[in-house]
Amino acid sequence: MTENTYTRSDDDTPHGNGFTGEAAASDGTVLVTSATGKSGRRVAERLTALGVPVRPGSRTGGVAFDWEDDSGWAAALEGVRAAYVAYYPDLAVPGAAEAMAAFGRTAAACGVRRVVLLSGRGEPQAVVAEEALRGAAGPVEVTVVRSAFFAQNFSEGALLDGVAGGELVFPAGTTAEPFLDLDDLADVVVAALTGDGHAGAVYELTGPRCLTFAEAAEVLGRVTGRPVRYVPVSGPAYAELLEGFGVPGPEAGFLADLFATLLDGHNAATTDGVKRILGREPKEFAVFAHEAAGDGAWHR
């Protein structure tokens with residue numbers, strides 16, 4: 001899933017960064033959209049560490065960038081060499097394809113050379129948005145990174161409180177998911193933004209193994225030192241639960257339908273995307289959980 005609040009290359013050789021330090025700075029600035037989000041923040045931190053000038057775009061930050069208001073996009077993209085695109089709330093929502101087409105046209109007009117787009121793995125409507133961006137971006141190099149369910153949704157997203165409270169309520173049934181650590185995602189995005197050989201590629205990224213939500217809850221219980229119980233619910237019941245927490249009815253229904261699409265079993269397989277790009281295995285879910293617990297993610 002993409003930068004939601006809840007929420008293939010033909011080259012088999014790993015790609016290096018391609019530039020660092022002064023060479024990176026001379027090649028121009030990278031716009032990071034949704035820069036305060038879970039993935040955007042990590043991408044911006046890594047680019048900065050490499051000496052790449054970063055322009056962090058968000059609704060509330062110093063560089064105004066709002067997916068619901070395209071009037072500021074050209075200013076945010078002016079003088080930018082590359083952009084990381086994390087669309088909020090998800091590429092599968094109505095209107096996302098139109099937004100991607102508009103962004104592609106603006107990026108091309110501003111002379112942007114490269115765009116890396118975060119997309120959701122196994123989301124048919126997200127593919128429509130991907131193609132809208134490609135079709136409108138003209139000469140801009142577009143790379144798509146399709147991600148599995150973020151492991152950090154348990155530690156930074158809407159599932160955090162459930163883990164901390166010992167009851168993880170979610171409409172996943174017994175379906176297994178290859179949870180992806182956001183550190184791996186960010187490393188792949190930075191490689192695609194800064195290295196060569198990624199133009200036109202679609203990378204599907206997963207963790208190294210599939211776990212059911214009940215199995216994930218067991219792992220989280222071990223690292224927190226207190227039981228975490230997974231409670232499966234139906235999609236409509238979950239939509240009702242979200243509405244009870246103040247989520248508007250249409251958004252709650254969309255999220256419930258999205259999870260039903262994502263967690264029907266068609267994504268219950270791993271890929272070698274992380275290893276192909278980075279030359280190493282992706283992070284195990286248990287390692288993520290230990291690290292998050294050590295950082296106090298579920299401390300109450």
Side-chain angles (χ1 to χ4, degrees), residues 1-7 37-39 88-93 118-126 146-182 185 205-224 226-270 283-286 288-290 292-293 297-298 300:
M1 71 195 314
T2 56
E3 198 65 26
N4 196 289
T5 53
Y6 288 92
T7 108
K38 291 192 288 292
S39 71
Y88 180 88
D90 193 276
L91 282 182
V93 302
L118 175 63
S119 187
R121 182 172 179 247
E123 294 184 45
Q125 287 305 117
R146 294 177 182 161
S147 175
F149 197 96
F150 298 158
Q152 278 77 5
N153 285 328
F154 294 100
S155 61
E156 300 175 26
L159 299 179
L160 184 155
D161 288 340
V163 176
E167 191 168 270
L168 190 59
V169 180
F170 204 69
T174 59
T175 300
E177 172 71 13
F179 301 108
L180 177 71
D181 192 281
L182 275 167
L185 171 72
L205 306 183
T206 72
R209 69 188 72 252
C210 293
L211 297 174
T212 65
F213 276 70
E215 291 168 335
E218 290 179 8
V219 173
L220 294 167
R222 288 197 297 272
V223 301
T224 59
R226 54 185 182 270
V228 177
R229 183 171 71 100
Y230 169 57
V231 181
V233 294
S234 68
Y238 190 67
E240 270 187 47
L241 180 67
L242 292 178
E243 288 188 61
F245 282 104
V247 179
E251 183 178 348
F254 164 77
L255 288 170
D257 289 343
L258 175 63
F259 293 136
T261 299
L262 293 176
L263 298 167
D264 64 0
H266 75 279
N267 279 336
T270 61
K283 189 182 297 183
E284 293 277 356
F285 185 81
F288 145 75
H290 279 287
W298 303 291
R300 293 290 186 272

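Bear in mind the structure is a predicted one, so any value in this text is a computation, not a measurement.
A 4.5 Å side-chain heavy-atom check between V233 and L241 finds every atom pair outside the cut-off. The shortest side-chain heavy-atom distance between Q152 and F288 falls under the 4.5 Å cut-off. Between T261 and P124 the shortest side-chain heavy-atom distance falls below 4.5 Å. The side-chain heavy atoms of V228 and W298, taken from C-beta on, include no pair separated by under 4.5 Å. Between T270 and P208 the shortest side-chain heavy-atom distance does not fall below 4.5 Å.
Pairs of residues two or more places apart, or lying in two chains, that qualify as salt bridge (Lys or Arg N to Asp or Glu O under 4.0 Å) and include a residue from residues 163-182 are E167-R229, D181-K283.
Side-chain atoms of T175 come within 3.5 Å of backbone atoms of L263 as a donor-acceptor pair (strictly under, hydrogens ignored). Between the E251 side chain and the P248 main chain, no donor and acceptor come within less than 3.5 Å of each other.
In this structure, the side chain to side chain donor-acceptor pair (under 3.5 Å) partners of H266, at least two apart in sequence or on a different chain, are D264. Evaluation of the side chain to side chain contact (heavy atoms under 4.5 Å, CB included) rule for E243 yields A252 as partners, not counting sequence neighbours. For E240, there are no side chain to side chain donor-acceptor pair (under 3.5 Å) partners two or more places apart in sequence or in a different chain. Listed by chain and number, the residues in a side chain to side chain donor-acceptor pair (under 3.5 Å) with E284 are R209 (sequence neighbours excluded). Residues passing the side chain to side chain donor-acceptor pair (under 3.5 Å) test with D257: none are found, sequence neighbours excluded.
Residues S39 and L182 come closest through the heavy atom pair CB-CD2, 3.9 Å. For the residue pair A297 and S155, the shortest heavy atom distance occurs at CB-CB, 3.9 Å. Closest approach of P178 to A269, counting heavy atoms only: CG-O, 3.4 Å. Across all non-hydrogen atoms, the minimal contact from F170 to L159 is CD1-CD2, 3.7 Å. Across all their heavy atoms, A176 and C210 have their closest contact at CB-CB, 3.7 Å. Closest of all the heavy-atom pairs between Y230 and P171 is OH-C, 4.3 Å.
Rounded to the nearest 0.5 angstrom, R121 CZ and L180 CG are separated by 10.0 Å. Considering OG of S147 and CG of L185, their distance stands at 5.0 Å, rounded to 0.5 Å. How far CD of E123 is from CG of N267: 8.5 Å, rounded to the nearest 0.5 Å. For the atom pair L118 CG and L205 CG, the distance stands at 9.0 Å (nearest 0.5 Å).
Remark: of the listed residues L220, V223, N153, L220 is the sole one forming a side chain to side chain contact (heavy atoms under 4.5 Å, CB included) with V163. Of the listed residues (F150, F149, F213, F179), just one forms a ring pair (Phe, Tyr, Trp, His ring centres under 6.0 Å) with F285, and that residue is F179.
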